[in-house]
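Each remark here refers to the structure printed beneath this line.
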Amino acid sequence: MSGTKRRVYLDHSATTPVDPRVVAAMVPCWTDVFGNPSSAHSWGQEAAVALERARAEVADRLGCQPAEIAFTASGTEADNLALRGAAWAARQSGRGNHIVTNPGEHHAVTATVEQLHGLFGFDVTQVAVDGHGRVDPDDIRRAIRRDTILVSVMTASNEVGTVQPVAEIGALCRERGVLFHTDAVQAAGRLDLNVGRLQVDLLALSAHKFYGPKGVGVLYVRRGVDLVAALTGGGQEHGRRPGTVNVAGAVGLATALQIAEEMRAAENERLERLRDRLIEGVLAAVAEARLTGHPVERLPHHASFAFRGVEGSSLVLALDLVGIAASSGAACAEGEPQPAPVLAAMGYAPEWGVGAARFSLGRANDETDVAALLDALPAAVAQLRVGG
Ligand code: PLP
């Protein structure tokens, strides 16, 4: 990086920097309070106190009991534990064989559901998403059968920012006696995640999305929900997630969640204003650009677009050359760019879908960052269109 070039990070949905207050809370867990929280001696018990305090703080934020919180090694692992754990437990008790989900989910969910189908024979129904990436609760209602064991719908989309009607889906799942899992990885610190209000049974979080460390997540497991652990080993985390617990990570996650919740109202208001300026600016400055995802029911920091005839991955590289970090939704299969499955499911033709780009704002961003993007983007898009 050149000494003078200003860099603009607009990829907070991929990850966030760790808040220095979080680092400060974590450091003693590596140095002074370093015991194994499963050990009976005082070193272990000191670590156990720190771990249980972190668990109680997370529970308080989600409106649940500490025993309903399991720390995991990532959001991916929390989703895996929720889905595989619930499916295997249902298989064990012969409760049913059917899972309902949708094409908008993160790979942590889609790949797990695919495996449950392919390797374990679970029947899967994918309900449609509309042109904004939203699931219709009535479609979920219609998809639920007598043998349905689990519904999985994310709280908010990483790709297109759309917020799902989780509380409505939760209410109907509860009414039908079906477990409801939501991947809230993108929503934490941005939306209210009170598990009672949302009526969810399983909810996944990941610390690095809300200014906490990488490599630690949470799965909320409502009391009474039976899970078969996806990992085998010791009895940590009530047997749900064997392995010595990452105490520093748990403390970091809890601290980050506290801070994010305290900042949430003011920060959301600020980011929404910036986001709307970014959206209006991009749509005004770039021809053949569309906002992807819901225009209103969307994450406050999230702006995603499709640019016709542009490859999102090339656009990300072009913007990186001028010091701007963004993200593309397209993946590459056999050398050919492929639109993200959610965009195809939303009805985007491939020449639009491969041109997906996401700009996600964060605490350090201000108007000058949006202005820098609006300055650089039209030329980058135009250049790629000519080059293509
Ligand atoms: N779910 C969603 C919606 C995500 O955006 C991500 C990360 O991008 C994950 C799950 C996975 O979380 P982690 O990076 O902690 O494995």
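In listed order, ligands and their atoms are each counted from 1.
Using a 4.0 Å cut-off between charged side-chain N and carboxylate O, Arg6 and Asp369 make a salt bridge.
When only non-hydrogen protein atoms are considered, atom 13 (P) of ligand 1 lies nearest to Gly75 N, 3.6 Å. Shortest contact from atom 4 (C) of ligand 1 to any protein heavy atom: His106 CD2, 3.2 Å. Closest to atom 14 (O) of ligand 1 among all protein heavy atoms lies His208 NE2, 2.9 Å. Residue, atom and distance of the protein heavy atom nearest to atom 10 (C) of ligand 1 are Asp183 OD2, 3.4 Å. Scanning all protein heavy atoms for the shortest distance to atom 5 (O) of ligand 1 gives Gln186 NE2, 2.8 Å. Among protein heavy atoms, atom 7 (C) of ligand 1 sits closest to Lys209 NZ, 2.8 Å. Scanning all protein heavy atoms for the shortest distance to atom 11 (C) of ligand 1 gives Thr76 OG1, 3.3 Å. Looking from atom 15 (O) of ligand 1 to the surrounding protein, the closest heavy atom is Ser206 OG, 2.6 Å.
The atoms of ligand 1 that sit less than 4.0 Å from any heavy atom of Ser74 are 15 (O), 16 (O). Within the listing of ligand 1, atoms 3 (C) sit less than 4.0 angstrom from a heavy atom of Met154.
The aromatic rings of Phe307 and Phe305 sit parallel, their planes meeting at an angle under 30°, below the 60° perpendicular limit.
Within 6.0 Å of CD in Glu52 there are more than 12 heavy atoms belonging to other residues, nucleotides or ligands.
Both tests pass for Arg91 against the ring of Phe122: distance under 6.0 Å to the centre and angle within 45° of the axis.
Here the side chain of Ser206 pairs no donor or acceptor atom with the backbone of Val185 at under 3.5 angstrom.
Under 3.5 Å, the side chains of His106 and Thr76 contain no donor-acceptor pair of N or O atoms. A donor-acceptor contact closer than 3.5 angstrom links the side chains of Ser304 and Arg298.
When non-hydrogen atoms are compared, ligand 1 lies under 4.0 Å from neither the backbone nor the side chain of Val109.
For the atom pair Gln186 CD and His301 NE2, the distance stands at 5.5 Å (nearest 0.5 Å).
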